[in-house]
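Quick notes on the structure that follows.
Everything quoted here is computed from the prediction, not taken from an experiment.
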Amino acid sequence: MQTGALWRHFHDLDRPTGPDDRLAIEVLAEAGITVSVEHFERPPRPLPREVRVAQARRLLCLPASRDAEIDAMLGPETALPARRVTTVWWDVA
């Protein structure tokens with residue numbers, strides 16, 4: 001289950017979809033900074049179930065007393081899903 005659905009379940013809030021890497025690159029360009037950009041796909045990462053639950057708990061800002069509910073909401077998947085990652089860097093003159 002994705003983090004947005006978990007936030008909706010536990011906090012009744014929709015997570016924002018931005019800002020994102022494109023906005024950061026745009027802001028840097030407007031500031032006159034020439035950036036280099038590399039996009040890549042981070043492969044799925046298997047994790048022990050208790051680590052996955054603890055990580056989700058921290059991201060959701062919940063106490064450990066909610067672990068059983070978090071575990072149930074995560075479903076059977078224990079790996080972190082693949083995701084798009086962007087690295088942005090620039091040279092300092």
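Counting only heavy atoms from C-beta outward, the side chains of His11 and Leu62 approach each other to under 4.5 Å.
Within the 3.5 Å criterion, the main-chain N or O of Ile70 finds no donor-acceptor partner in the side chain of His9.
Distance CZ/Arg52 to CZ/Arg45: 9.5 Å, rounded to 0.5 Å. Remark: Leu80 CG to Arg42 CZ distance equals 8.5 Å, nearest 0.5 Å.
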Check: Please walk me through it: do Leu60 and Arg66 pass side-chain contact (heavy atoms from CB on, under 4.5 Å)?
Finding: CA-CA 10 Å; Leu60 293 164; Arg66 306 287 298 268; over 6 Å; no
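A continuous path of hydrophobic side-chain contacts links Phe10 to Leu74 [ILVMFWY only; heavy atoms under 4.5 Å].
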Name each donor-acceptor pair under 3.5 Å that joins a side chain in residues 25-41 to protein atoms two or more places apart or in another chain, with its distance.
residue, atom, partner, partner atom, Å
His39, ND1, Arg84, NH2, 3.0
His39, ND1, Thr86, OG1, 3.0

